[in-house]
**Q** 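After the structure tokens below, expect a handful of questions from me.
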Number of protein chains: 2
Amino acid sequence: MDIEARAHSEHPEALRLWLRMLTCSQLVEKQVRTQLRERFDTTLPRFDLMAQLERAPDGLKMNELSRRMMVTGGNVTGITDQLVAEGLVERIDVEGDRRAYRVRLTPKGRKLFNEMARQHEDWIVDAFSGLNEKEIGTLYKLLGKVKDHATQPRQETAP
Amino acid sequence: MDIEARAHSEHPEALRLWLRMLTCSQLVEKQVRTQLRERFDTTLPRFDLMAQLERAPDGLKMNELSRRMMVTGGNVTGITDQLVAEGLVERIDVEGDRRAYRVRLTPKGRKLFNEMARQHEDWIVDAFSGLNEKEIGTLYKLLGKVKDHATQPRQETAP
DNA sequence: TATTGTTATACTCTATAACTATA
DNA sequence: TATAGTTATAGAGTATAACAATA
């Protein structure tokens with residue numbers, strides 16, 4: 001097969017799929033951003049950071065937050081500073097490594113996050129209410145394959 | 001049923017699905033943005049605008065571009081200005097309405113876009129290469145239902 | 001009056017790179 | 001030297017609102 005024609009136009013389905021996925025994500029994301037701003041005067045990255053912490057009762061180190069949020073460290077510092085100033089999260093010293101912190105929710109932060117999360121879930125359930133349970137499961141499973149493939153360390157050439 | 005408990009925690013699958021979809025989109029989008037910057041010194045909104053025009057040989061009016069790109073008009077003006085300055089798109093007067101333009105690709109813009117689109121397709125095919133054809137089709141169909149539901153005019157109350 | 005498009009502005013989010021302190 | 005985190009900076013991306021021209 002002509003090497004130049006390798007993948008071109010053989011898989012237009014993948015392209016159409018991507019454009020549709022992007023549209024769906026943007027639709028839902030816009031809705032969530034707007035609601036977070038209007039109802040809680042906050043932003044998606046701030047909500048995301050608190051959501052990460054909600055699942056980690058002992059808190060997370062900055063580099064772990066950075067990895068999970070898929071943004072570089074400087075940004076996490078900025079968002080954390082805001083949330084600390086509002087008393088929603090706190091920095092805890094790590095024993096045995098005076099360079100590192102763990103960031104965790106304060107009781108106030110946890111309470112606020114729970115309120116936000118409850119409404120957030122409603123918005124999301126509404127956004128996906130065009131699907132039945134089985135379809136949601138199928139979508140979840142297929143996206144899992146996409147994620148796994150994209151997350152796996154690249155190994156383009158033969159072993 | 002208790003109204004407060006209406007949707008809460010009854011559909012955690014929708015929430016998990018959304019978080020996974022967001023992750024997938026961000027993974028692919030980050031990859032695309034990086035490649036567009038490194039290889040073509042351009043950005044995703046610029047690419048998106050050109051992609052919209054590529055499908056409209058006669059060009060699109062600003063408000064139509066704004067709607068399709070899901071951003072407000074001022075931003076479209078800014079991106080269009082950049083692309084006009086580089087000779088990639090042009091503004092054409094609309095007969096019968098001296099307020100409006102149509103924006104369309106120049107031959108130079110079309111040529112460049114075709115090059116970008118070919119590589120873009122490779123990146124996308126690679127991103128979804130963890131799925132087989134049937135799975136891509138299923139995913140496409142399910143996301144179509146999500147999109148249709150989110151796009152339909154809201155009608156929360158009874159008719 | 002309503003619509004098309006532009007201008008001006010402000011803010012969030014982001015990556016990069018230089019930096020400090022500690023390991 | 002390497003790592004954890006911060007600071008400083010610049011640019012992308014966005015929404016909002018006021019504005020001009022035309023319908």
**Q** With nearest nucleotides of DNA chain D determined for B:P45 and B:T72 from heavy-atom distances, which residue corresponds to the more 5′ nucleotide?
**A** B:P45

**Q** I want to check something: taking the side chain as every heavy atom from C-beta on, are A:I136 and B:R16 in contact at a cut-off of under 4.5 Å?
**A**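 No, too far: nothing below the 4.5 Å cut-off.
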
**Q** Under the rule for side chain to side chain contact (heavy atoms under 4.5 Å, CB included), what residues qualify as partners of A:V84, not counting sequence neighbours?
**A**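 Counting only residues at least two positions away or on another chain, A:V84 forms a side chain to side chain contact (heavy atoms under 4.5 Å, CB included) with A:T80, A:V89, A:R91.
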
**Q** Report yes or no: do B:N75 and B:T72 form a side-chain donor-acceptor pair below 3.5 Å?
**A** yes

**Q** Please tabulate the protein-to-nucleotide N/O contacts below 3.5 Å involving nucleotides 1-3 of chain D, giving atom names and distances.
**A**
residue, atom, partner, partner atom, Å
D:dT3, O2, A:R99, NH1, 2.5

**Q** Tell me which residues in residues 46-62 of chain A lie within less than 4.0 Å of DNA chain C, going by non-hydrogen atoms.
**A**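 None - not one residue of the stretch has a heavy atom sitting under 4.0 Å from the strand.
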
**Q** Apply the test salt bridge (charged side-chain N to carboxylate O under 4.0 Å, His left out) to residues B:R20 and B:E13: give CA-CA distance (whole Å), side-chain angles for both, the deciding distance (0.1 Å), then the verdict.
**A** CA-CA 11 Å; B:R20 182 166 281 187; B:E13 309 83 12; over 6 Å; no

**Q** Report the secondary structure of DNA chain C in dot-bracket form, marking unpaired bases with a dot and bases paired to a different strand with |, and treating Watson-Crick or G-U pairs with both distances under 3.5 Å as paired.
**A** |||||||||||||||||||||||

**Q** With the threshold set at under 4.0 Å for non-hydrogen atoms, list the residues of residues 23-43 of chain A touching DNA chain C in residue-number order.
**A** A:T43

**Q** Would you list the protein and nucleotides 7-9 of chain C atom pairs, both N or O, that sit under 3.5 Å from each other?
**A**
none

**Q** Out of D:dG5, C:dT4, C:dA15, which has the shortest distance to the side chain of A:V71?
**A** C:dA15

**Q** Touch check for B:R102, heavy atoms < 4.0 angstrom, all strands: base, sugar-phosphate only, or nothing?
**A** nothing

